[in-house]
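So the structure is just underneath, and the comments pick up after that.
First listed ligand is number 1; within each ligand, the first listed atom is number 1. Side-chain atoms are counted along with the backbone in the values below, which use heavy atoms only and exclude waters and symmetry mates.
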Amino acid sequence: MIKVLISGINGKMGQILSGCIAEDENMVVVAGIDKMPDARQNPFPVYETFSRVIESVDVVIDFSRPEALPDILAFSSKKNIPAVLATTGYSDQDKTMIANASAHIPIFFSANMSLGVNLQMELSKKASEFLGDKFDIEIVEKHHNQKVDAPSGTALAIADKINEAFSGGKQYVYGRTPDVRAKRDVKEIGIHAVRGGTVVGDHDVLFLGNDEVIEIHHRAMSKHIFAEGAIRAAKFIHDKPAGLYSMQDIISGMKIVSSIYAEDENDAIITLIGVPHEPQHIADIFDALAKNSVNLDTISQAYPQDGKVDIVFSISSSDIEIAKSVLSEFDGLRYDCVTDITKLTIEGEGMQRQFGVVARLFSALAADHIKTYIMTNSQTRISFCIGSKNTTKAITAVTQAFGL
Ligand SMILES: NC(=O)C1=CN([C@@H]2O[C@H](COP(=O)(O)OP(=O)(O)OC[C@H]3O[C@@H](n4cnc5c(N)ncnc54)[C@H](OP(=O)(O)O)[C@@H]3O)[C@@H](O)[C@H]2O)C=CC1
Ligand SMILES: O=C(O)C1=N[C@H](C(=O)O)C[C@H](O)C1
């Protein structure tokens with residue numbers, strides 16, 4: 001049974017969430033927090049501050065206000081309790097605070113807990129990649145008249161997602177006001193907020209081109225979708241390691257590491273030792289290798305010291321003799337050569353939001369005394385070279401460590 005504390009319990013979402021959890025046989029609400037603890041009758045204790053909570057809690061779910069954030073993070077960090085943050089209107093400073101806390105505890109943060117909106121974000125990004133600057137982009141959101149923040153957190157998250165397709169080159173323009181008398185710039189994403197009645201939450205992304213308009217709409221028909229999403233998020237993170245998680249992690253059923261494979265099984269590694277840290281000299285070495293058709297694979301350079309630098313790279317074993325003879329042409333160039341090397345690669349979409357993946361990888365290899373020779377990485381993959389005799393052992397160790 002997962003024991004939940006709801007922050008903002010007496011609000012609209014807090015009440016719907018507590019009702020949904022009451023129907024869930026694997027979860028129970030053990031306590032709530034709200035500014036006005038006695039404003040409603042709840043079948044569990046409700047406190048004004050976290051310092052009064054005496055119940056044992058497995059996960060905190062927050063639908064309240066940004067002002068509650070410091071206390072939530074302090075409570076969760078102190079007690080090592082995962083937190084699902086669904087509140088919107090966070091400042092950049094708040095977001096930094098969330099990112100910092102996620103180094104120590106699992107935090108799930110999403111401005112919109114519905115699956116549909118998260119798909120809408122992905123579709124909007126894809127459309128932006130396809131349409132580029134040929135279409136103007138505007139986002140229109142509509143919400144009930146009780147909403148205090150504008151624009152919605154979701155509209156901002158959609159804009160951020162779209163902006164990824166433009167490498168962050170778009171500028172957000174909030175509404176259009178009479179004081180600005182200028183044509184729209186192609187770099188703009190217009191973001192517009194409408195408030196009224198009991199609208200649960202509409203988000204429309206408009207791509208406006210010459211003589212054609214594409215619209216991607218999402219309409220929330222009830223607040224239950226957000227509560228169900230928050231419950232799914234709480235179940236997802238309650239036993240996860242520290243890190244910052246989002247709906248994307250759930251949608252793609254992402255594992256931190258989803259695969260491991262051997263790319264090159266008969267490689268050699270050459271380390272150039274103490275090369276003078278002069279760009280032209282280094283360029284000449286690699287130019288000579290290229291002119292002799294020596295194909296480099298993984299390459300890595302250490303930080304220079306005393307004007308010298310070590311550079312390590314892998315090549316196919318079949319190129320080793322030619323590479324040695326090219327290098328011997330450079331006066332005083334020292335190098336070391338290791339053969340029978342295999343390059344392994346691990347990949348996983350979840351890696352980019354995780355702390356400690358490299359530490360887990362090294363620990364898994366260390367348990368079997370497996371040494372690595374070169375390691376390089378991107379956001380979603382890590383490649384590393386090991387002695388070929390250790391290939392099977394390394395694959396087994398990594399498979400176990402990451403539950404593949
Ligand atoms: N991520 C998602 O999918 C969704 C996010 N939201 C977001 O969740 C938040 C709450 O929405 P909603 O329930 O509609 O809003 P409500 O105003 O109905 O509820 C918020 C509750 O939190 C209370 N509160 C205010 N300050 C604090 C505090 N410092 N500590 C604890 N409780 C506090 C409020 O008390 P009081 O009224 O006395 O101020 C109120 O009872 C909003 O930011 C909203 O945008 C909403 C729906 C979906
Ligand atoms: O306040 C709301 O109601 C909602 N807020 C979220 C937001 O600001 O994006 C999500 C949802 O649209 C409902």
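If you number the atoms of ligand 2 from 1 as listed, the ones under 4.0 Å from a heavy atom of His203 come out as 12 (O). Near Asn112, meaning under 4.0 Å from any of its heavy atoms, are these atoms of ligand 2: 10 (C), 11 (C), 12 (O). Close contacts of ligand 2 with Thr154, meaning ligand atoms under 4.0 Å from a residue heavy atom, involve 7 (C), 9 (O), 10 (C), 12 (O). The atoms of ligand 2 that sit less than 4.0 Å from any heavy atom of Ser152 are 7 (C), 8 (O), 9 (O).
Which of Ala111, Gly153, Ser110 comes nearest to atom 6 (C) of ligand 2 through a heavy atom is settled by distance: it is Ala111.
Looking only at atom types and distance, the side chain of His238 has no donor-acceptor partner in the side chain of Asp58 under 3.5 Å away. Residues Thr87 and Asp62 bring a donor and an acceptor atom of their side chains to less than 3.5 Å of each other.
Near ligand 1, residues Gly8, Asn10, Gly11, Lys12, Met13, Asp34, Lys35, Met36, Phe63, Ser64, Arg65, Ala68, Ala86, Thr87, Thr88, Ser110, Ala111, Asn112, Met113, Lys147, Asp149, Phe226 each place a heavy atom inside the 4.0 Å sphere around the ligand atoms.
Within the structure, the closest approach of Gln146 to ligand 2 does not fall below 4.0 Å when heavy atoms are considered. The shortest heavy-atom distance from Lys12 to ligand 2 is not under 4.0 Å.
Looking only at protein heavy atoms, the nearest one to atom 13 (C) of ligand 2 is His143 NE2, 3.5 Å. The single protein non-hydrogen atom nearest to atom 1 (O) of ligand 2 is Lys147 NZ, 2.9 Å, given as residue, atom name and distance.
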Using the rule given for side-chain hydrogen bond (donor to acceptor under 3.5 Å, both in side chains), can you reason through Asp284 versus Gln280, listing the C-alpha separation, both sets of side-chain angles and the distance that settles it, and then say yes or no?
CA-CA 6 Å; Asp284 289 345; Gln280 191 52 56; 2.9 Å; yes

Please assess Ile256 against Arg360 for the test side-chain contact (heavy atoms from CB on, under 4.5 Å), listing each intermediate value before the final yes or no.
CA-CA 11 Å; Ile256 296 168; Arg360 273 168 81 180; 3.6 Å; yes

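Aromatic ring pairs are classed by plane angle as parallel below 30°, tilted from 30° to 60° and perpendicular above 60°; the pair Phe75 and Phe50 is tilted.
A salt bridge does not link Asp149 with Arg65: every distance from a Lys NZ or Arg NE/NH1/NH2 to an Asp or Glu carboxylate oxygen is 4.0 Å or more. Lys161 has a carboxylate O that lies under 4.0 Å from a charged side-chain N of Glu122, or vice versa, which qualifies the two as a salt bridge. Using a 4.0 Å cut-off between charged nitrogen and carboxylate oxygen, Asp185 and Lys183 do not count as a salt-bridge pair.
The structure places NZ of Lys393 at 10.5 Å from OG1 of Thr391, a figure rounded to the nearest 0.5 Å.
Taking only nitrogen or oxygen atoms, main chain and side chain alike, His144 reaches within less than 3.5 Å of ligand 2.
Annotation: Tyr90 is in aromatic contact with Phe109 [ring centroid separation under 6.0 Å].
Under the salt bridge (Lys or Arg N to Asp or Glu O under 4.0 Å) rule, Lys170 has a single partner from Asp136, Asp160, Asp133, which is Asp133.
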